[in-house]
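First the structure, in the form of structure tokens, and then the observations on it.
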Number of protein chains: 2
Amino acid sequence: MRSGTDTPQLERTFTEAGRRAQIVQAAIDTIAEVGFARASLARIGERIGISKGLIGYHFAGKDELIRQAVSEILEQGKAYMIPRILAEPPGPGMLRAYIQSNLGFMREHPSYMLAIAEIKRNGLTADGRQRFYGVADMDGFVRELAGSLSSLQADGHLRMDFDPYVMAIAIRAAIDVVPRHLLDPDFDIEIYASQIAGVFDLATRPEETSREPADRVLEGTAS
Amino acid sequence: MRSGTDTPQLERTFTEAGRRAQIVQAAIDTIAEVGFARASLARIGERIGISKGLIGYHFAGKDELIRQAVSEILEQGKAYMIPRILAEPPGPGMLRAYIQSNLGFMREHPSYMLAIAEIKRNGLTADGRQRFYGVADMDGFVRELAGSLSSLQADGHLRMDFDPYVMAIAIRAAIDVVPRHLLDPDFDIEIYASQIAGVFDLATRPEETSREPADRVLEGTAS
DNA sequence: TCGGTCCCTGAACGCATGTCCAGACATTAG
DNA sequence: CTAATGTCTGGACATGCGTTCAGGGACCGA
């Protein structure tokens, strides 16, 4: 085995870098397609025409491969969302941008979201801990969001009478449930995104600014 | 094997009825404790001091055992929630009672909810279908709730400018996420229940009746 | 006592998995 | 040419799983 650590070290050759990326992509696609439980190394390799032994050559083990896949997805998600959120002035618009950009990323990369949902659900160790998140674990997202909500509250941009932690859990739940409905033909992620943004806008926007016509608030921006 | 069908037939002896109930309970507790993936028949049997062979004697297979566990949990949940919902007059109070009674059941039976969440997440077949729900599958809950919301809208008890299906998904998501936080010491299910009920009350209550003081709406009833 | 039914164990089986390894092949350096 | 290195395969191996089965007690009626 070449790279035994979790932190991606310098890749020696051009071939290795390409293979590693190819294998990570195959892992994501396979997990999204057949689920975590059935995404064996043999099946992942089969997708790109290599043996499972080769995966062991490029990665220390299955765990490192999964960690790389998670890292890849989270990096791309952050790169997509952060500029869209920071483009908003401080206030309720940032929460709307958070929800809309997260769901927009899901719409553009459904296999990423299906894969990471699978990994999150099936990657529990015996004591209930997550195995595949090091620095950026997904439950941390709730705390991050709760902190942001709390700051916006403190600055008077959101109403004060809700618990930021509770609200953050509910918002993340409304977002994280989406992968389960991506294959449902009755489910329209565009409508869902704008309406969910409207629900939490109503629940968090200070009352003095909530006098806009209701349809304006609930329909949201067309993105 | 004695009972090969899914519909529970008459149990022949007192011993068998007792054993079956004991095994179902052990399955629920084991799944809640170590997760679905690690809840093998051997481990389930170990909890009550029997061999895994005996499970195969009382149940047609692992699938039937899991189905019995799901059925048991859903029956108890419905028995808990339905009278509490029907006690409310038609209107926004019913939605509040739905949310509060569902979360109340979770509070009283955390292992039930952990177990059913595990089964729901890990009991997917190759083509993405659920394996363990026959008549009452859990995704049907979203449709049930959407139908109820739609009826309440039609009768003028809820505002018209939200999509019932979208709202139902968000409400179920906010409820179904709770098992993941039951072990978190920062998580207070009482506060969560009343605030979530308030969020969706705000989002669905017709505007002419939403002029109550905000704290009255958000704090909800103390149950 | 004898036979039958119920309850239960322990082992064997087939299957799928992740890891590990001996070796093949190609390319490059000396 | 020879040696070394990077890349890759195919198979062996141990593990854990659900299922199945032969058999052994316990109990009970005849």
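What you see below is based on every heavy atom in this structure, not just the backbone, and it leaves out hydrogens, waters and symmetry mates. Each chain gets a letter, A, B and so on, in the order its sequence line appears, and its residues count up from 1.
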### Query
What pairs with Tyr165(A) under ring-ring contact (aromatic ring centres under 6.0 Å, His included), at least two apart in sequence or on another chain?
none
### Task
Would you indicate what Gly49(B) reaches in the nucleic acid, counting non-hydrogen atoms under 4.0 angstrom: base, sugar-phosphate, or nothing?
sugar-phosphate
## Note on the structure
Residues passing the ring-ring contact (aromatic ring centres under 6.0 Å, His included) test with Phe200(A), sequence neighbours excluded, are none
### Query
Starting at CD of Glu46(B) and ending at P of dG10(C), how long is that distance when rounded to a whole Å?
13 Å
### Query
Whole Å only: how far is the CG atom of Leu54(B) from the P atom of dG23(D)?
20 Å
### Message
Please report the distance, rounded to the nearest Å, between CD1 in Ile44(B) and P in dT19(D).
### Response
11 Å
I'd like a table of atom pairs between the protein and nucleotides 11-18 of chain C - only N or O on both sides, under 3.5 Å - with the distance next to each one.
from    : atom 1 : to       : atom 2 : distance (Å)
dT17(C) : OP1    : Arg43(A) : NH2    : 3.2
dG18(C) : OP1    : Lys62(A) : NZ     : 2.5
dG18(C) : OP2    : Leu41(A) : N      : 3.0

### Query
Hey, what bend do you get for the helix from dT1(C)-dA30(D) to dG30(C)-dC1(D) if you fit axes on five pairs at each end, rounded to 10°?
30°
#### Entry: Length of the CD1-P vector between Ile55(B) and dC21(D), whole Å
18 Å
### Message
Checking Gln76(A) now: which residues fulfil side chain to side chain contact (heavy atoms under 4.5 Å, CB included) with it, not counting sequence neighbours?
### Response
Glu72(A), Phe105(A), His109(A), Tyr112(A)
### Query
Quick one: side chain to side chain contact (heavy atoms under 4.5 Å, CB included) partners of Pro90(B), sequence neighbours excluded?
Met94(B), His157(B)
### Task
Respond yes when some side-chain nitrogen or oxygen of His58(A) is under 4.0 Å from OP1 or OP2 of dC8(D), and no when none is.
yes
### Query
Between Leu95(A) and Asp201(A), is any pair of side-chain heavy atoms under 4.5 Å apart?
no
### Message
Has Glu88(B) got a side-chain atom pairing as donor or acceptor with Tyr98(B)'s backbone, closer than 3.5 angstrom?
### Response
no
### Task
Just jot down the side chain to side chain contact (heavy atoms under 4.5 Å, CB included) partners of Ser40(B), sequence neighbours excluded, or say none.
Ala42(B), Arg43(B)
### Task
List in chain and number order the residues that pass side chain to side chain donor-acceptor pair (under 3.5 Å) with Glu75(A), two or more places apart in sequence or in another chain; answer none if no residue qualifies.
none
### Task
Name the closest nucleotide to the Arg19(A) side chain, picking from dC8(D), dT9(D), dC8(C).
dC8(D)
## Note on the structure
Taken to the nearest whole Å, CD/Gln22(A) to C1'/dT7(D) is 13 Å
### Query
Which part of the nucleic acid does Gly45(A) contact within heavy-atom distance under 4.0 Å: base, sugar-phosphate only, or nothing?
nothing
#### Entry: Tyr57(A) side chain near dC8(D) phosphate (N/O to OP1/OP2, under 4.0 Å)
no
### Message
Please report the distance, rounded to the nearest Å, between CZ in Phe59(B) and P in dT20(D).
### Response
16 Å
### Gap between atoms CD and P, on Glu16(A) and dT5(D) respectively (whole Å)
16 Å
### Message
Checking Ala115(A) now: which residues fulfil side chain to side chain contact (heavy atoms under 4.5 Å, CB included) with it, not counting sequence neighbours?
### Response
Ile28(A), Ile31(A), Ala32(A), Ile73(A)
